[in-house]
Amino acid sequence: GVPGLQTSGANPDTQVGAACTTGADGLCRRTVEVGTYYWRETAAPTGYQLPANPVFGPLVLTAENAAAGVQTTAADAPVPPVTGEVRVLKTNAETGAPLAGGVFDLWRETNGIPGLQTLGINPDTQVGAACTTGADGLCRRTVEVGTYYWRETAAPTGYDLPAEPVFGPLVLTPANAAAGVQVTAKDCPSPKPPATGSIHLTKKDAWSGKPLNGAVFELWREANGIPGLQTLGINPDIRAGDCTTAAGGGCDFDHLSTGQYYLKETAAPDGYQLPPDPVSGPYRVNADDCVTVALTNKKDDDC
């Protein structure tokens, strides 16, 4: 006679029969006399949680509705999945410093084949869009428990992708979900090209200083340790380039490694004569230096 369900105390309501477990149709049913009844859920289905109020009713069975019976619906919410962070830390392989700008895909192991498969008829499953590491070097995703791989698709500027760009497996479990799981991806700095220098040659008329085009030069690098230029024999110096002066009289030799060089004029501009000694130098070229050389020709009819 007390409104609502009382299951304990000095004067509880009366339990009817043993516990009932719902079948595939989701129903529990009892055939009972007319009266007022309550269903009380004591255990939720696997993967679901009991509602905050697990008592459903009152269901009032009367002579008028006894043929049809009375029914209530007990709605259970799924248990929230256990989630945690899966992280990758991008670092400089030499210093350990975090690196921004590394691009990663996250994949979940779903095909039952060990390792990561991204192609074919049964690949693993990519999770979300690509992630780019920030200043802290981290990419992170909050995901359900499972097995995951990070795959690096682009290295930070100035670094090389590792030979094996897949990192994992990272196994996220209910036990470690609060802390998350993390792997470190180390990239080596890209090799720096050697520093180089250049030679800028200007060819002019010996008397007027007018720029001359059409002078042809060979550039040779001192390589055999013998003073002066040797272009023939069993141990010559090394030919390093060719150039013909343009309309402004200029000719450039770029990307030269550190060393000593000679210029050899092999053809004079039209109307001009080669100098008595067509070889000039040596010119010392250092890294990031530009050596400027000015050479002249006399006209064919000059004394």
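Only heavy atoms go into these numbers, but all of them, side chains included; no hydrogens, no water, no symmetry mates.
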Distance from Tyr159 atom OH to Lys186 atom NZ, nearest 0.5 Å?
13.5 Å

Tell me whether the count of non-hydrogen atoms from other residues, nucleotides or ligands lying under 6.0 Å of CG in Asp270 goes above 12.
no

Would you say Leu212 and Phe217 are hydrophobically clustered, going by side-chain heavy atoms of ILVMFWY under 4.5 Å?
no

About how many Å separate CG of Leu229 and CD of Gln260, when rounded to the nearest 0.5 Å?
12.0 Å

Do the side chain of Thr245 and the main chain of Gly214 share a donor and acceptor less than 3.5 angstrom apart?
yes

Among the clusters formed by ILVMFWY side chains lying less than 4.5 Å apart, do Phe104 and Leu106 turn up in the same one?
yes

Go through the steps for Asp187 and Glu152 under the test side chain to side chain contact (heavy atoms under 4.5 Å, CB included), then give the verdict.
CA-CA 10 Å; Asp187 282 3; Glu152 187 173 1; 2.5 Å; yes

Between Phe253 and Tyr261, does a side chain to side chain contact (heavy atoms under 4.5 Å, CB included) hold up when you go through it step by step?
CA-CA 11 Å; Phe253 298 94; Tyr261 292 84; over 6 Å; no

Measuring from Lys203:NZ to Thr244:OG1, what's the distance to the nearest 0.5 Å?
12.0 Å

Tightest non-hydrogen contact, residues Asn297 and Pro269, listed as OD1-CD, 3.7 Å

Ser198 and Asp254 have their tightest heavy-atom pair at CB-OD1, 3.3 Å

Ignoring hydrogens, what is the shortest heavy-atom contact between Pro156 and Lys90? Give both atom names and the distance.
CG-CG, 4.1 Å

Approximate separation, where rounding is to 0.5 Å, of Leu256 CG and Ile199 CD1
5.5 Å

For Asp105, is there any backbone N or O sitting under 3.5 Å from a side-chain donor or acceptor partner on Thr153?
no

Answer yes or no: is there a donor N or O on one side and an acceptor on the other, between the side chain of Asp289 and the main chain of Arg284, under 3.5 Å?
no

For Asp124 and Gln117, indicate whether the former's side chain and the latter's backbone hold a donor-acceptor pair under 3.5 Å.
yes

Donor-acceptor contacts, no H, no angles, side chain residues 30-37, under 3.5 Å, sequence neighbours left out:
from, atom 1, to, atom 2, distance (Å)
Arg30, NH2, Ala18, O, 2.6
Tyr37, OH, Glu33, O, 2.6

For Thr91 and Leu99: C-alpha separation, side-chain torsions, deciding distance, then whether side chain to side chain contact (heavy atoms under 4.5 Å, CB included) applies.
CA-CA 5 Å; Thr91 64; Leu99 297 176; 5.5 Å; no

Nearest 0.5 Å, what's the CG-CZ distance between Leu50 and Arg40?
10.5 Å

How long is the straight-line distance from OG1 of Thr184 back to CG of Leu138, given to the nearest 0.5 Å?
9.0 Å

Side-chain heavy atoms nearer than 4.5 Å, only ILVMFWY residues, links allowed to pass through others: does that put Val16 and Leu59 together?
yes

Distance-minimising heavy-atom pair for Ala177 and Val82:
CB-CG1, 3.7 Å

Donor on one side chain, acceptor on other, Ser190 and Asp160, under 3.5 Å:
yes

Over all atoms of both residues, closest heavy-atom pair of Leu295 and Leu201:
CD1-CD1, 3.6 Å

Which pairs, with at least one residue in residues 90-161 and sequence neighbours excluded, count as a disulfide (SG to SG under 2.5 Å)?
Cys131-Cys139

Could you walk me through whether Leu89 and Gln182 satisfy the side chain to side chain contact (heavy atoms under 4.5 Å, CB included) test, starting with their C-alpha distance in whole Å, then the side-chain angles of each, then the deciding distance to 0.1 Å, before giving a yes or no?
CA-CA 7 Å; Leu89 175 63; Gln182 182 169 314; 3.7 Å; yes

Closest heavy-atom contact between His200 and Gly250?
CE1-CA, 4.3 Å

ILVMFWY network linking Val181 to Trp150, side-chain heavy atoms under 4.5 angstrom
yes

Do Tyr149 and Val183 share a hydrophobic cluster, counting only Ile, Leu, Val, Met, Phe, Trp and Tyr and linking them when any side-chain heavy atoms are less than 4.5 Å apart?
no

Under 3.5 Å, is there a donor-acceptor pair between the side chain of Asn92 and the main chain of Ala97?
no

Between the side chain of Asn176 and the main-chain N/O of Val171, is any donor-acceptor distance below 3.5 Å?
yes

How about Asp25: does its CG atom have over 12 heavy atoms from other parts shown lying under 6.0 Å from it?
yes

